[in-house]
Amino acid sequence: CDHIKDNPDDMNHESLKDENRQDCYDDGYEDGRNNPFDHERNSGCDDYGRAYYEGFIDGCVSVEGYTGDVCESATDA
């Protein structure tokens with residue numbers, strides 16, 4: 001941590017942003033396969049576009065018998 005504090009310009013912000021975006025997508029994908037849509041988690045991923053939402057839809061439609069319409073309706077509040 002001291003290196004980051006002493007040299008904040010050394011941080012690769014774009015790389016961290018990409019990593020966080022992927023984490024949001026992955027969380028959405030797992031939720032789409034196994035859990036209900038998490039509106040709070042989706043809001044927490046707002047800085048990364050629609051990564052959680054898109055992951056959720058992709059995970060949901062990967063479950064046999066689930067269609068895009070079914071998955072879309074699962075995201076409604």
Side-chain angles (χ1 to χ4, degrees):
C1 287
D2 288 333
H3 175 74
I4 293 171
K5 289 180 195 174
D6 295 337
N7 301 299
D9 293 333
D10 286 351
M11 290 184 58
N12 185 343
H13 293 287
E14 199 59 39
S15 176
L16 290 173
K17 193 172 183 179
D18 289 344
E19 184 178 326
N20 289 339
R21 182 179 296 111
Q22 186 63 51
D23 288 344
C24 284
Y25 177 89
D26 292 345
D27 289 345
Y29 188 89
E30 287 304 312
D31 284 349
R33 290 188 53 77
N34 304 306
N35 299 300
F37 188 79
D38 188 328
H39 292 277
E40 189 172 315
R41 183 177 278 173
N42 185 52
S43 293
C45 288
D46 277 351
D47 288 344
Y48 310 105
R50 296 167 43 108
Y52 176 84
Y53 172 84
E54 291 171 0
F56 182 88
I57 296 297
D58 288 347
C60 183
V61 297
S62 75
V63 176
E64 187 174 335
Y66 284 14
T67 64
D69 289 340
V70 168
C71 296
E72 182 75 32
S73 68
T75 65
D76 295 339

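Residue numbers start at 1 and run along the sequence shown.
- Separating the CZ atom in Arg21 from the CG atom in Asp47 is a distance of 10.0 Å, to the nearest 0.5 Å.
- Residues Tyr52 and Asp31 share a closest heavy-atom pair of OH-OD2, 2.6 Å.
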Check residues 54-65 and write down every donor-acceptor pair under 3.5 Å in which the side-chain atom is one partner and the other belongs to a residue at least two apart or another chain.
unit_1, atom_1, unit_2, atom_2, d
Asp58, OD2, Tyr25, OH, 2.6
Ser62, OG, Arg33, NH1, 2.7
Ser62, OG, Gly59, O, 2.6

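- Once rounded to the nearest 0.5 Å, the distance linking CG of Asn42 with CG of Asp38 reads 8.0 Å.
- Annotation for Tyr53: atom OH counts as buried by contact number, over 12 foreign heavy atoms lying within 6.0 Å.
- Interatomic distance, CZ of Arg41 versus SG of Cys24, reported as 8.5 Å (0.5 Å rounding).
- For the 3.5 Å distance criterion, the side chains of Asp18 and Gln22 fail to qualify, holding no donor opposite an acceptor.
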